[in-house]
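Structure in structure tokens, see below.
For ligands, and for the atoms within them, numbers begin at 1 and follow the listed sequence.
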Amino acid sequence: MTLIRRLKYPLGVLLFFKSYYLQAEAYPLSDCDKYQYPGPLNPSFESGVLDGWTVVSGTAFGQGSIVGETDSRSCCGDFNQVGNYSVWGYGNDGDPAIGVLQSSSFQASSVTSFLVGGGWDPVNLYIGLVRDSDNALLLNQTGMDDEAYIRIIWDTSAWVGQNVHIVAYDNSTSNSWGHINIDDIRVGCAALGDGNLTFNILGQANQPADGSLPDAQLYSVDPFRPQYHYTPYQGWTNDPCGLSQLNGTHHLFNQFNPDSPFGAHISWSHAISSDAVHWRRQPVALTPPYIDINSSDNSGRWTGSAVNDNGTLRLLFTDFTDTNFHPGAESEVVSTADSSDGITFQLYTGNPVVAAPPPDSPSGFRDPKVFLDATDNTWKMVLGGGDSTSGKIFLYSTSDMISWTYIGVLIEGDGTTGTMWECPNFFPIGDKWALFYGGNGQGWWHIGSYNGTNFVSEATGLLDIGSIYAAQWYVDESGRNLLMAWIYNFGTYKYPSRVNGYVGATTATRELFLRDDGGLGSRLITEIDSLVTGNPVSFGPQTVQDSLAIGHSSTGRLQLSVNLNTTTASSFSLNFLSSSAEKTVLTYTVANKTLTIDTSEAGYGPGGLVNAVITIPGNNILGLDILLDRTILEIFASDGTAITQRIYPRYFESTGITMVVDDGAVAITNITLSQYGSSWN
Ligand SMILES: *[C@@H]1O[C@H](CO)[C@@H](O)[C@H](O)[C@H]1NC(C)=O
Ligand SMILES: *[C@@H]1O[C@H](CO)[C@@H](O)[C@H](O)[C@H]1NC(C)=O
Ligand SMILES: *[C@@H]1O[C@H](CO)[C@@H](O)[C@H](O)[C@H]1NC(C)=O
Ligand SMILES: *[C@@H]1O[C@H](CO)[C@@H](O)[C@H](O)[C@H]1NC(C)=O
Ligand SMILES: *[C@@H]1O[C@H](CO)[C@@H](O)[C@H](O)[C@H]1NC(C)=O
Ligand SMILES: *[C@@H]1O[C@H](CO)[C@@H](O)[C@H](O)[C@H]1NC(C)=O
Ligand SMILES: *[C@@H]1O[C@H](CO)[C@@H](O)[C@H](O)[C@H]1NC(C)=O
Ligand SMILES: *[C@@H]1O[C@H](CO)[C@@H](O)[C@H](O)[C@H]1NC(C)=O
Ligand SMILES: *[C@@H]1O[C@H](CO)[C@@H](O)[C@H](O)[C@H]1NC(C)=O
Ligand SMILES: *[C@@H]1O[C@H](CO)[C@@H](O)[C@H](O)[C@H]1NC(C)=O
Ligand SMILES: *[C@@H]1O[C@H](CO)[C@@H](O)[C@H](O)[C@H]1NC(C)=O
């Protein structure tokens, strides 16, 4: 696919891809206007009443469903509805109410789109396209457990001219997210964009079945899908775990639910790589216990680590037991599994290897991380926990990976970073020790000293100022300290990718280093440049006033150096994923050395502001190294500060990269924009 083709013929490209996996009948390209009939009455509810719509059954829908921007219930200011009014499935009779709302009948055009919000429940909550003649449900789309609207596009060319209607279907009695929202139904060419901008084509109906296409194409057809950050094809993913390199192969496991884009009955997915950039899926390594007995049993195999145990790949992990189904069981214990081929894992028959938490950890006990302690050349393990006032890290030792001895509390917090520390990692770096963990929804590092039993922190900070959690370290076979983390949306929760069936991603592989100021910094590994396609666009030394159009990219890398000695501007910004309708803005303010990322105009989902004060090196050159991957922005400042954001652009054209300068000039040393190809190629 070329970009030009899609700009001119958005529907054509939809059908072009569909022809790969649906053998769709040949349909003339760009004919959204040829098979275009009037849509339903009151398609965006702008009359402020349910004119043209029929409440078929139940109380879930009614006049109370119509909400406006200024509604006293003020549910919907951030929903991103079109116009003033939309249908909020909660508004008439709350979550548990059920019912069906039906549009007027209309002839199907070749393409239909609409906004959906509300609960995720593919069976009981959906917007549907129904044929009048036989009441067949032709297409359906559930929500995301998020009120904010997402535009779904349906290829309705198979039913052109037939009489159909739209339904909002709610058969969910759930007290939580038991409702579905709809707004702005469009048919024909208007369904595909706004003015000169083309909607990204989203929705489960556009997602080919896993395995029906080569991976690179499978991932390419989804505009929200990262092209070189690891994501499983469908389902939920959270913490990376078991990061390791053995016999040359890098291993990445993730907390994974293959069945839905929600965290439940967790498995360990598995991928391998020869370069920590190009990951290849492997069979699921660990499956949850008991799920065959009852699918509601949430017991699972939670986060843990992997070590090279004399040639076998050994996993040590939290075995979580759902006490609703197993009353009296210990909910979090440590178990182990190993593999001689690195692919197939055998659970140790004597599990668990740590059968209970230490007595002083009522908040929890999880995420074992095993490391070789060079101070006494023995294997040690750190685990996270805490009590009502402080987070804690516990230390264990072993001589055989099976029998573990509790040493004590490695370090205890003061409560400011939470009362349950998760995902601890502990390792030597330079002549210091680094500790990091997750607490209060953020990843914290400490650099300090360790005497074999206790760690004393000398400096602390955040691993990333943005949306990562559950970072995990490993040392590769060349001795580098590497890190990967879960990209999520703490702070401003966003779930747009649920409409395509998945949630969660993993960062690019980062190398950790001791910063000049003694902190823990991260930067990209050099292997990532193997993704470069074509010739990078470079700008040499120059002075920028007002603005500079750098180029376009949604999957690439921007590297930029600014000489602050000769920069007179008070601040400058880089706009990413930008078009006339949306943008993500990274601003550097010279006076207070602050990087600010603003996602408030960045597309679907709530946005916000994130700030980081950075350190400028002695030569007064600010370096920025930025990865773009469709919905991921990973920003590294030259001092080792990292800022990750998840952004969901509405429009296909939102790929612009522009520098904007405030009062004065910016002295550019150089700028390089490289395009990256898919790591699935
Ligand atoms: C929304 O309401 C405002 C003020 O009440 C009105 O001027 C505007 O035309 C309305 N917009 C639509 C799309 O109905
Ligand atoms: C909704 O559509 C999917 C295919 O996209 C189908 O598998 C599912 O059965 C449909 N749901 C209902 C309730 O018909
Ligand atoms: C609605 O859900 C109930 C169970 O909660 C089920 O018995 C009923 O068949 C469902 N209705 C339809 C139309 O599927
Ligand atoms: C679309 O039109 C707007 C103004 O109407 C213009 O500013 C913008 O550059 C155009 N965008 C593209 C991608 O052509
Ligand atoms: C699974 O557990 C739920 C909740 O306890 C119960 O309602 C359901 O009947 C169980 N299903 C099976 C197959 O045992
Ligand atoms: C490691 O494995 C080798 C061969 O499998 C065996 O001879 C050796 O004893 C093992 N070493 C340890 C420390 O278990
Ligand atoms: C690593 O290589 C050694 C020597 O070839 C082999 O014995 C071992 O099984 C391999 N381990 C894995 C996990 O592949
Ligand atoms: C390590 O430090 C702790 C806390 O200061 C102290 O209690 C312990 O004795 C020290 N251990 C060694 C081996 O020095
Ligand atoms: C830095 O200065 C800018 C511009 O005055 C301001 O918006 C921002 O909040 C400041 N950041 C910090 C961390 O003080
Ligand atoms: C900027 O100025 C400082 C102090 O005069 C100097 O040490 C440094 O080399 C200069 N940097 C560049 C890039 O010229
Ligand atoms: C850009 O300039 C910086 C600072 O002079 C330098 O370290 C870097 O190597 C240059 N990058 C490129 C791609 O030329």
Residue and atom name of the nearest protein heavy atom (relative to atom 13 (C) of ligand 9), distance in Å to one decimal
Thr594 OG1, 3.6 Å

Report yes or no: is the cationic atom of Arg225 (NZ for Lys, CZ for Arg) closer than 6.0 Å to the six-membered ring centre of Tyr502, at no more than 45° off its axis?
yes

Ser244 side chain near Leu313 side chain, heavy-atom distance below 4.5 Å
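Ser244 reaches Leu313 side chain to side chain.
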
Quick test: of every protein heavy atom, which one is nearest to atom 8 (C) of ligand 7, and how far off is it to 0.1 Å?
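That would be Gly311 O, 3.6 Å.
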
Could you tell me whether some N/O pair between Leu313 and ligand 7 is separated by less than 3.5 angstrom?
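No, since none of the N or O atoms of Leu313 sits under 3.5 Å from an N or O of ligand 7.
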
Parallel, tilted or perpendicular: ring planes of His251 versus His270, cut at 30 and 60 degrees
parallel

Would you say atom 5 (O) of ligand 2 touches the protein, meaning some protein heavy atom is under 4.0 Å from it?
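No, no protein heavy atom sits under 4.0 Å from atom 5 (O) of ligand 2.
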
Please could you name the atoms of ligand 2 that Leu137 approaches to less than 4.0 Å, counting only its heavy atoms?
12 (C), 13 (C), 14 (O)

Return yes when at least one protein heavy atom is under 4.0 Å from atom 11 (N) of ligand 2, and no when none is.
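Under the 4.0 Å cut-off, atom 11 (N) of ligand 2 does have protein heavy-atom neighbours.
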
Using a 3.5 Å cut-off on N or O atoms only, is Thr312 in polar contact with ligand 7?
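No.
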
Can you check whether Leu482 reaches Leu243 side chain to side chain, under 4.5 Å on heavy atoms?
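They are not in side-chain contact.
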
Can a non-hydrogen atom of Asn611 be found less than 4.0 Å from any atom of ligand 9?
no

On the 0 to 90° scale, with breaks at 30° and 60°, tag the Trp120-Phe262 ring pair as parallel, tilted or perpendicular.
tilted

Nearest to atom 2 (O) of ligand 7, what protein heavy atom do you find, and at what distance?
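The answer is Asn247 ND2, 2.3 Å.
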
For ligand 2, is there an N or O atom under 3.5 Å from any N or O atom of Asn140?
yes

Considering only heavy atoms from C-beta outward, does the side chain of His265 approach that of Asp259 to under 4.5 Å?
yes

Answer whether the closest heavy-atom distance between the side chains of Ile402 and Arg314 falls below 4.5 Å.
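Answer yes - side chains close enough.
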
Where does Leu246 meet ligand 7, judged by heavy-atom distances below 4.0 Å: at the side chain, the backbone, both, or neither?
side chain

Shortest protein contact, atom 9 (O) of ligand 7 (heavy atom only)
Ser340 O, 3.0 Å

Should you measure from each heavy atom of Asn592, which atoms of ligand 9 turn up under 4.0 Å away?
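The list of qualifying atoms is 1 (C), 2 (O), 3 (C), 8 (C), 10 (C), 11 (N), 12 (C), 14 (O).
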
Counting each atom of ligand 9 from 1 as listed, which ones have a heavy atom of Thr589 under 4.0 Å away?
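Heavy-atom distances to Thr589 below 4.0 Å select 2 (O), 3 (C), 4 (C).
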
Taking the six-membered ring for Trp, are Phe253 and Phe317 ring centroids under 6.0 Å apart?
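So the answer is no for these two rings.
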
Which word best sums up how the rings of Trp473 and Phe427 line up, parallel for under 30°, tilted for 30 to 60°, or perpendicular for over 60°?
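Trp473 vs Phe427 ring planes: parallel.
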
